[in-house]
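The structure appears below as structure tokens.
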Amino acid sequence: MTMSVAERHSGSGGKEEESEDESEILEESPCGRWQKRKEQVNQGNVPGMESAFLAMDTEEGVEVVWNEVQFSDKMIFKAHEEKIKDMFENLMQVEHPNIVKFHKYWLDVMESKARVIFITEYMSSGSLKQFLKKTKKNHKTMNEKAWKRWCTQILSALCYLHSCDPPIIHGNLTCDTIFIQHNGLIKIGSVWHRLFVNVFPDAVHGRIKHLRDEQRNLHFLAPEYGSFEDKTAIDIFSFGICALEMAVLEIQANGDAIVSKEAVAHTGQSLEDPLMREFVQACVRHEAKKRPSAHDLLFHRVLFEVHSLKLLAAHCFINNQYMLPENCVEEKTKTFDPSAVMAEIRHKNRPGVQLKYSHVSPLELDKFLEDVKNGIYPLMNFASPRPHLIPRALSLSQEHVETVTTPTPEPQEMETRKVVQMHCNLDSNDEGTKMHLTLFLKMEDKLHRQLSCDILPSDSSKDLANELVHYAFICEDDCEKLTSFLEEAFVKHRASGSVSHGVMMMH
């Protein structure tokens, strides 16, 4: 169920500015932040809910989508009320740069009927389907670099959903439910559609359409869709069809209402790039167990556009940008000698390769960093997958809906990686009233974590270690070791009265 489509109803065909009637405020949220406008968001091209309006976020000053699920029978609503609350609380926890943001929800119970209202991000630039149609209409072909970036971003979102514990199945992935922003950022919507179809098939008053109702999108459905074997592999199949459509702009149906399997196979064979052809064909294999996972696909050779070391460095730079002066990239590149060699690859039996500063354009570097900041180059495909703790309701299959209850969401994700080395620095202020602790942690996956804080004489090493466990900086198994390490460091520092250091190897 996606609530973020760029098309709008307009009597003037969208050529004129919105009228005063369309901007009229119909309703406000209980908190007053969200204002529903008269202008409807067209859901005609998207399997999902039909009642959605443009709204204004008065705090952020941006447009959002006001979505309504109508329950015609108040008794049925009351029977499902707790499950509805649990489900929406769970949806609030889905957070990824390539997934349409779910902002807020509330319940509106009236005398004879009830409704659920929820606010989602508004994707003003439209769906991927609309973009592909415009591209084809202008007699253009798809840029290979753009195709790779789009695939990477979609797979990053699917990898996030599938790595949740338990996995979240999207179940509604088409080019209509994928959105593109003006800066090239891709977001997938409709993550919550499957929940409504499965959990409330009869409770909602004729508002929810099943994906199978959309004849023109049937080719996105995996052979096992809706069966007991209906698992994350159905999303991989749907993604494969999306990737194929992105590459060729449109899969020809040869005049039929439904795109046939033969048309999909023929279009896949028509791809000139053998790696691209192999990539798509792996996704749309008939047997679900033979399809690769989203995480595996992120490592496919066809998507390898940016070297992992460059991407890791860029993400590290962006994550610590607050520590760096403004325009530091521009200022730093000015000091480099363009003819200087910044890296060299040497070979024994043939000439080596030299990389000079002149080979890197500062403007291109700035653009790359901006793209990384906007989420166009996600880091997930270079990180080892760790499960995201998402409550059970987000991954219910149709067969298990009635037998599984939704637990209360965990308040905090826990760290599971072990610390292999600890290093700390302690420095007292001039008055001796507090110490400044800098703690370096080397994790078992070779990643490093640096933490710092001021410590008062009343703070204990046990409390500090417990706090690090609570905020998922270290795993619970390392709590006792860190407590002992910090306590020993505190004792040594108080005895020396100056700057002190400590190192501990973990086995």
Side-chain angles (χ1 to χ4, degrees), residues 1-2 45-48 128-129 132 151 154-155 157-159 161-164 166-178 188-191 193-199 201 208-248 250-271 276-298 300 302 394-401:
M1 170 191 322
T2 186
N45 292 332
V46 183
L128 189 58
K129 187 74 170 180
L132 296 177
C151 285
I154 297 167
L155 285 171
L158 288 179
C159 189
L161 294 173
H162 294 175
S163 65
C164 289
I168 300 173
I169 300 171
H170 187 288
N172 189 28
L173 193 67
T174 71
C175 289
D176 284 315
T177 61
I178 299 171
I188 65 173
S190 197
V191 173
H193 173 266
R194 185 178 177 88
L195 296 174
F196 280 93
V197 170
N198 288 352
V199 180
I208 302 299
K209 289 186 278 184
H210 201 282
L211 186 58
R212 286 197 182 277
D213 297 334
E214 291 288 320
Q215 293 291 309
R216 66 190 183 84
N217 283 332
L218 286 179
H219 60 294
F220 287 94
L221 302 183
E224 73 276 13
Y225 185 92
S227 69
F228 187 72
E229 297 298 320
D230 179 336
K231 296 180 181 176
T232 55
I234 69 169
D235 288 341
I236 302 302
F237 185 95
S238 299
F239 164 75
I241 302 296
C242 291
L244 183 58
E245 283 206 351
M246 289 190 299
V248 300
E250 183 183 19
I251 301 175
Q252 296 294 335
N254 299 322
D256 299 328
I258 300 173
V259 176
S260 65
K261 295 178 183 177
E262 293 74 19
V264 171
H266 175 74
T267 306
Q269 287 293 340
S270 71
L271 295 174
M276 193 181 290
R277 187 166 60 246
E278 172 196 293
F279 179 82
V280 171
Q281 289 175 344
C283 296
V284 297
R285 286 173 182 152
H286 185 81
E287 291 185 55
K289 62 183 179 182
K290 291 186 177 180
R291 294 174 211 144
S293 67
H295 186 264
D296 291 340
L297 286 169
L298 282 165
H300 196 282
V302 77
L394 289 183
S395 61
L396 293 176
S397 66
Q398 198 147 1
E399 288 73 22
H400 296 93
V401 166

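Positions are given from 1, in the same order as the sequence printed here.
Note: L128 CG to D176 CG = 9.0 Å, rounded to the nearest 0.5 Å. Within the model, atoms CD of Q252 and NE2 of H266 stand 9.5 Å from one another, a figure rounded to the nearest 0.5 Å. To the nearest 0.5 Å, atom OH of residue Y225 and atom CZ of residue F237 are 12.5 Å apart. Between the OG atom in S260 and the CG atom in L218 there is a gap of 12.0 Å [rounded to 0.5 Å]. Separation of atoms OG1 (T174) and CG (N217) is listed at 4.5 Å; rounding is to 0.5 Å. Rounding to the nearest 0.5 Å places CD1 of I154 at 6.0 Å from SG of C242.
Contact detail for A263 and I251: the closest heavy-atom pair is O-CG2, 4.1 Å. The two residues V280 and A243 make their nearest non-hydrogen contact at CG2-CB, 4.3 Å. Of all the heavy atoms in L298 and C159, the pair that sits closest is CD1-CB, 4.1 Å. Counting all heavy atoms, side chain and backbone alike, P292 lies closest to A282 at CD-O, 3.3 Å. Between L297 and C283, the shortest heavy-atom distance links the atoms CD1-SG, 3.7 Å. The heavy-atom pair separating L173 from S238 by the smallest distance is O-CB, 3.4 Å.
Within the 3.5 Å criterion, the main-chain N or O of R285 finds a donor-acceptor partner in the side chain of R291. The main-chain N or O of N172 is found under 3.5 Å from a side-chain atom of T177 such that the two form a donor-acceptor pair. Distance alone, capped at 3.5 Å, places no donor-acceptor pair between the T232 side chain and the H162 backbone. Judged by distance alone, with hydrogens and angles left aside, the side-chain atoms of D235 form a donor-acceptor pair with the main-chain N or O of H170 at under 3.5 Å. S270 places a side-chain N or O within 3.5 Å of a backbone atom of T267 that can act as its donor or acceptor partner.
Checked against side chain to side chain donor-acceptor pair (under 3.5 Å), E250 has the following partners two or more places apart in sequence or in another chain: K136. Remark: K289 engages no residue in a salt bridge (Lys or Arg N to Asp or Glu O under 4.0 Å) (not counting sequence neighbours). For F279, the ring pair (Phe, Tyr, Trp, His ring centres under 6.0 Å) partners two or more places apart in sequence, or in a different chain, are W147, F239, H300.
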Verify side chain to side chain contact (heavy atoms under 4.5 Å, CB included) between C151 and M246, making sure each step is shown before the conclusion. CA-CA 9 Å; C151 285; M246 289 190 299; 3.6 Å; yes
List the steps, then state whether side chain to side chain contact (heavy atoms under 4.5 Å, CB included) holds for K231 with E224. CA-CA 9 Å; K231 296 180 181 176; E224 73 276 13; over 6 Å; no
Could you walk me through whether V284 and I236 pass the side chain to side chain contact (heavy atoms under 4.5 Å, CB included) test, one step at a time? CA-CA 7 Å; V284 297; I236 302 302; over 6 Å; no
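Residues L244 and L271 are in side-chain contact: their nearest non-hydrogen atoms beyond the backbone lie under 4.5 Å apart.
Electrostatic pairing of K129 and E245 counts as a salt bridge here, judged by a charged N lying under 4.0 Å from a carboxylate O.
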